[in-house]
Asker: 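Here you go, one structure.
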Amino acid sequence: MFEAKFEDGGLFKKIVEAIKELVKNVNLEANGTGISLQAMDTSHVALVALQLNEKGFKKYRCEKSLTMGLSIENLQKILKCSGNDDQITLRTQDEEPTTLSFTFESKNRISEFQLNLMSLDQEQLGVPDTEYSSVVRMPSNEFTKICRELGNINEAIGIETSKEGIKFYVKGDIGEGQVSVKINDTEKPEERVECEVDEPVNLSFAVRYFNLFNKASALSSQVILSMSQDQPLVIEYIIEEMGSLKLYLAPKIND
Amino acid sequence: MQKKIASFFKSS
């Protein structure tokens, strides 16, 4: 028996919105500690990882670990029947569920849906706990804007960190450009830029993945970029009181 | 050259 109730159903909708362009079918894992999801994008360049802790739910019960294979596209069709202010409850009765039930509750109506599940034998990747040599925290809409603007100039974006801050740069056929974001210690937490640089990095990534993933900036006003030279970058959106949504993106290595 | 994510993380 599994039951998880989102106080803020809109949050769950934003999470699905953020990953729907990157992953098609996913295994949703539920156990006593909460819900998690890990899936590679179709080109196997990126890995999406979601972790939602049971304490963040209005109601949470999971007697036995469950794996529920679902199509993100079909999940979206069900969620489109809910309002952004609804409370959303996920529920299954059986140990090997073939469907996942949804209840959408608002002041004046209650809706029930069942999504058919699939059996997906997807390889799970072991993401090692890593000490990153550069960790940058910045406003998520600033990062989204820089990726979108520089992505118009070139499909690969360079990221260089130093004690002073983080520099994004592009060199394309039409020309080149760079944006340096400076550290600030403003008292407004959502506008703060912090850099912890033990070792500077200089990495290159396909910016299209950032642009696909940056829909997640609706989840948090800040984004955390963790980097080490020649390692995948991690973009992390902290989901207040619940957990986090991460994108691991493999770098482009110059031959 | 674009690397694959699985080349960094072992499948568990």
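Chain letters run A, B, ... following the sequence lines, proteins first, then strands; residues in each count from 1. Everything quoted here is computed from the prediction, not taken from an experiment.
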Asker: Taking A:N53 for the side chain and A:K55 for the main chain, is one N or O donor matched with an acceptor at less than 3.5 Å?
Answerer: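 Side chain of A:N53 to backbone of A:K55: a pair is present.
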Asker: Given that the side chain runs from C-beta out, which part of B:K4 has a heavy atom under 4.5 Å from chain A: side chain, backbone, both or neither?
Answerer: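 Contact with chain A is through both the backbone and side chain of B:K4.
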Asker: Of the backbone (N, CA, C, O) and the side chain (C-beta and beyond), which part of A:A206 lies under 4.5 Å from a heavy atom of chain B, both, or neither?
Answerer: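 Interface part for A:A206: both.
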Asker: Please flag which part of A:D230 lies under 4.5 Å from any non-hydrogen atom of chain B: side chain, backbone, both or neither.
Answerer: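 For A:D230, the backbone is the part near chain B, not the side chain.
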Asker: Do B:F8 and A:Y248 pass the ring pair (Phe, Tyr, Trp, His ring centres under 6.0 Å) test, and can you show the C-alpha distance, the side-chain angles, and the key distance before you say yes or no?
Answerer: CA-CA 10 Å; B:F8 295 94; A:Y248 295 85; over 10 Å; no
Asker: Determine, step by step, whether A:K13 and A:E17 satisfy the salt bridge (charged side-chain N to carboxylate O under 4.0 Å, His left out) criterion, reporting the C-alpha distance in whole Å, the side-chain angles of both residues, the deciding distance to 0.1 Å, and the verdict.
Answerer: CA-CA 6 Å; A:K13 292 176 80 170; A:E17 183 69 22; over 6 Å; no
Asker: Could you label the plane-to-plane angle of the A:F2 and A:Y60 rings as parallel, tilted or perpendicular, counting under 30° as parallel and over 60° as perpendicular?
Answerer: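 Correct class here is perpendicular.
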Asker: Just so I understand: if I count every heavy-atom pair under 4.5 Å between each of A:M40, A:E123, A:K252 and chain B, which residue has the most?
Answerer: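 Most heavy-atom pairs within the cutoff with chain B belong to A:K252.
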